[in-house]
Enquirer: 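Would you mind keeping the following structure in view while I ask a few things?
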Protein chains: 2
Amino acid sequence: MVAILLIEDDPLVRRGLELAMSRLGYDLRTSGTGQAGLAALAGDLPDLVLLDLMLPDLDGFEVCRRVRDRTDVPVIMLTARGDDVDVVGGLEAGADDYVIKPARPAVLDARIRAVLRRSTGDPDGLRTHRDLRIDTTALTVSRRGEPVTLTPTEMRLLLTLSRHPGRVLSRQQLLQDVWEHDYLGDSRLVDNAVQRLRAKIETDPAAPEFVQTVRGFGYRFGPV
Amino acid sequence: MVAILLIEDDPLVRRGLELAMSRLGYDLRTSGTGQAGLAALAGDLPDLVLLDLMLPDLDGFEVCRRVRDRTDVPVIMLTARGDDVDVVGGLEAGADDYVIKPARPAVLDARIRAVLRRSTGDPDGLRTHRDLRIDTTALTVSRRGEPVTLTPTEMRLLLTLSRHPGRVLSRQQLLQDVWEHDYLGDSRLVDNAVQRLRAKIETDPAAPEFVQTVRGFGYRFGPV
DNA sequence: ACCCCGTGTCGCAGCTCTGTCGCAACGACC
DNA sequence: GGTCGTTGCGACAGAGCTGCGACACGGGGT
């Protein structure tokens, strides 16, 4: 359950987002002013802050800066359309991303996931893709409910790949992230590890469902 | 696959950014001097330029101005801490944003995304032209929703062309960027690759909608 | 001390891709 | 309208890439 704190003065927007976010599975709490928002932060830390730029009491930038002073909670700015200066200022103040109002829930959801992935590695330690479940805190993997035992290297490889679903990772990148040594020459090491991983999590390694080969570039995790 | 050109004279900073950026999925190329940077730009057009203000040969502002004269590639300035004058000057010279050194990779990543979003209008690595969608991180292409499978060379070619819609790219430039070896003599290699690409993404290769021939000069992407 | 598991390396096989060539078609310029 | 340079297009063979099995080494547990 991902907890999000929304700081927004317009009651209409609050209601709308409350509905949309809870439907997407988020735990949304709201504050109507900057002061109230900061106070809420002092108590229970959310996973992310959605921050409206225009607030009645404090400047959005100021709130953002104070949030960042005390915590490392990521912040997404909500700005009015087409205000480029605000974007620069917001990012300067430490915001991780910005979204233009009014935003479609799907867009907001995607941005939230992206920011959470970047900052913490994953939203809640549990990644589910089709019938594959990866628990990134317990370091366990199960397929169709059946537990799958992975070796350390296989686990690190799967974690790295699944951290960026849909994204192509080059062998170079994988070598850096999984093995942590920076080869320059090419190496069949990655290919081999992928093959071993596939043998354990794929039903048919010849037609991989999760770890896909992108010829000439690298590997990509996840069904498109 | 977002291509970035870093112009920075300090080898230490270069190495650091190279590592961090490649881990974030960027394709980073570097030049040590302003001259070298401009030369690299002549053949090899990146999505974005990261430009150090202090260079041994040319002034950062001057480089920025020249980049802007010839291309529409966005520029992010790297400046030393707390130099306000530089910021103003940089933005005046045509820089799209500035970042204070040393910058945390996450911050730099956020700025890059913001600038790219502003310049292309599209969210994270997604280029849309008519009914052609190019996902530059997943390295997938779809036409009217139907996925199109491209070979590595075709993909690199399409990425390079679509990086600068409306701009004519010479065969020489394409050879450098897509094939990375610098032929001097002319070669039918590019023609052939273009033809193969057209066969996959165009409805009627004889009247190409996306990759157009500019006789005597090269090829241009996109409906003007 | 032995055994077993994990991991890195090697080599082979199959397949796709890609560079080259030759000819046809087209357009520009005289 | 003719000629020449440029581009489109099909065919082909070699090169490059990836999958996959085999093997050896090393470390930890029994």
Side-chain angles (χ1 to χ4, degrees), chain A residues 139 141 148-161 168-221, chain B residues 139 141 148-161 168-221:
Chain A
L139 295 183
V141 176
V148 179
T149 57
L150 297 183
T151 68
T153 306
E154 289 159 3
M155 180 63 82
R156 278 199 302 273
L157 178 59
L158 180 58
L159 286 177
T160 301
L161 284 169
V168 174
L169 299 178
S170 69
R171 291 175 172 75
Q172 190 66 31
Q173 282 175 279
L174 290 171
L175 275 175
Q176 282 181 20
D177 275 11
V178 178
W179 283 267
E180 296 189 353
H181 57 82
D182 26 33
Y183 269 18
L184 282 180
D186 86 316
S187 157
R188 309 292 311 283
L189 217 169
V190 180
D191 300 52
N192 216 290
V194 165
Q195 183 216 142
R196 279 164 176 153
L197 176 60
R198 275 181 183 155
K200 291 192 177 176
I201 65 170
E202 302 278 2
T203 357
D204 178 17
E209 186 180 359
F210 298 107
V211 183
Q212 289 155 1
T213 304
V214 182
R215 203 183 166 89
F217 292 98
Y219 295 95
R220 174 179 50 207
F221 178 83
Chain B
L139 297 182
V141 176
V148 179
T149 57
L150 297 183
T151 68
T153 306
E154 289 159 4
M155 180 66 79
R156 280 198 299 274
L157 178 59
L158 179 59
L159 286 176
T160 300
L161 285 169
V168 176
L169 299 179
S170 70
R171 286 158 223 277
Q172 191 64 33
Q173 282 177 301
L174 290 171
L175 273 176
Q176 281 184 25
D177 201 0
V178 178
W179 282 266
E180 295 189 354
H181 57 79
D182 23 36
Y183 271 17
L184 283 179
D186 86 316
S187 157
R188 309 291 311 285
L189 218 169
V190 180
D191 300 53
N192 214 290
V194 166
Q195 181 223 356
R196 278 165 176 153
L197 176 59
R198 277 181 182 155
K200 291 193 178 176
I201 65 169
E202 303 279 2
T203 357
D204 179 16
E209 184 181 359
F210 298 107
V211 183
Q212 288 154 4
T213 305
V214 182
R215 205 183 166 86
F217 292 98
Y219 294 95
R220 174 181 51 206
F221 178 84

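Every chain is numbered from 1, with letters handed out A, B, ... down the list of sequences. Side chains are part of it too, since the values below use all heavy atoms of this structure and drop only hydrogens, waters and symmetry mates.
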Enquirer: When the distance from CG of A:Asp191 to P of C:dG14 is rounded to whole Å, what number comes out?
Expert: 19 Å

Enquirer: For the side chain of B:Glu202 and the backbone of B:Glu209, is there at least one donor-acceptor N/O pair under 3.5 Å apart?
Expert: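 Present.
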
Enquirer: In this structure, how many angstroms lie between the P atom of D:dG19 and the CG atom of A:Leu197, rounded?
Expert: 12 Å

Enquirer: Within the pair A:Trp179 and C:dG8, is there a side-chain N or O less than 4.0 Å away from OP1 or OP2?
Expert: yes

Enquirer: Looking only at the side chain of B:Arg215 (C-beta and beyond, no hydrogens), which of the listed nucleotides C:dG27, D:dG8, C:dC17 gets closest?
Expert: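 Closest of the options to the side chain of B:Arg215: C:dG27.
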
Enquirer: Please report the distance, rounded to the nearest Å, between CZ in B:Phe217 and P in D:dG5.
Expert: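 Rounded to whole Å, this separation is 18 Å.
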
Enquirer: Counting only side-chain N and O atoms of B:Thr153, is one of them less than 4.0 Å from OP1 or OP2 of C:dC17?
Expert: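 Answer is no, no contact under 4.0 Å.
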
Enquirer: Would you indicate which nucleotide in D:dG8, D:dG19, C:dG6 comes nearest to any side-chain atom of A:Arg188?
Expert: D:dG19

Enquirer: Has A:Thr151 got a side-chain N or O lying under 4.0 Å from the OP1 or OP2 atom of C:dT7?
Expert: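 For A:Thr151, the contact criterion (side-chain N or O under 4.0 Å from OP1 or OP2 of C:dT7) is met.
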
Enquirer: Take atom CD of B:Glu154 and atom C1' of C:dC17, then tell me their distance rounded to the nearest Å.
Expert: 9 Å

Enquirer: Looking at A:Phe217 and B:Pro152, what are the two nearest heavy atoms and their distance?
Expert: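 It is CE1-CA, 3.7 Å.
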
Enquirer: How long is the line joining CG of B:Leu150 and P of C:dT16, in whole Å?
Expert: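 It is 16 Å, rounded to the nearest whole Å.
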
Enquirer: Passes side-chain contact (heavy atoms from CB on, under 4.5 Å), A:Leu150 versus A:Leu139? Steps please.
Expert: CA-CA 9 Å; A:Leu150 297 183; A:Leu139 295 183; over 6 Å; no

Enquirer: Please tell me if A:Arg171 has a side-chain N or O lying less than 4.0 Å from either OP1 or OP2 of D:dT18.
Expert: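 For D:dT18, OP1/OP2 do have a side-chain N/O of A:Arg171 under 4.0 Å.
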
Enquirer: Do the side-chain N or O atoms of B:Thr213 get closer than 4.0 angstrom to the phosphate oxygens (OP1, OP2) of D:dG8?
Expert: yes

Enquirer: Could you state the CG-P distance from B:Leu189 to C:dC17, rounded to the nearest angstrom?
Expert: 16 Å

Enquirer: State plainly whether the residues A:Asp177 and A:Arg156 are in salt-bridge range, i.e. N to O under 4.0 Å.
Expert: no

Enquirer: Can you tell me how far the CG atom of A:Leu161 sits from the CZ atom of A:Phe210, to the nearest 0.5 Å?
Expert: 12.5 Å

Enquirer: Distance check, rounded to the nearest 0.5 Å: B:Arg198 atom CZ versus B:Gln212 atom CD?
Expert: 8.5 Å

Enquirer: Can you tell me the distance, in whole Å, between the CD atom of B:Glu180 and the P atom of C:dG19?
Expert: 12 Å

Enquirer: Distance check: side-chain N/O of A:Tyr219 vs OP1/OP2 of D:dC17, anything under 4.0 Å?
Expert: no

Enquirer: Would you mind telling me which of B:Thr160, B:Leu169, B:Val211 makes a side-chain contact (heavy atoms from CB on, under 4.5 Å) with B:Tyr219?
Expert: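 Exactly one candidate clears the test, B:Val211.
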
Enquirer: Please produce a list of atom pairs where a protein N or O lies less than 3.5 Å from an N or O of nucleotides 21-24 of chain D.
Expert:
{"from": "D:dG21", "atom 1": "O6", "to": "A:Asn192", "atom 2": "ND2", "distance (Å)": "3.2"}

Enquirer: Could you give the distance from CZ (B:Arg196) to OG1 (B:Thr153), rounded to the nearest 0.5 Å?
Expert: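 Answer rounded to 0.5 Å: 9.0 Å.
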
Enquirer: Could you grab the distance from atom CE of B:Met155 to atom CG of B:Leu158, nearest 0.5 Å is fine?
Expert: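 Between B:Met155 CE and B:Leu158 CG, I get 7.0 Å after rounding to 0.5 Å.
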
Enquirer: Need the bend value for the helix from C:dA1-D:dT30 to C:dC30-D:dG1: angle between end axes, 5 pairs each end, nearest 10°.
Expert: 30°

Enquirer: Measure CG/B:Asp204 against C1'/D:dG8 and give the value in whole Å, please.
Expert: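 Nearest whole value for this atom pair: 13 Å.
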
Enquirer: So, using side-chain hydrogen bond (donor to acceptor under 3.5 Å, both in side chains) as the criterion, who are the partners of A:Ser170 when residues are at least two apart?
Expert: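 Here the qualifying residues are A:Gln173.
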
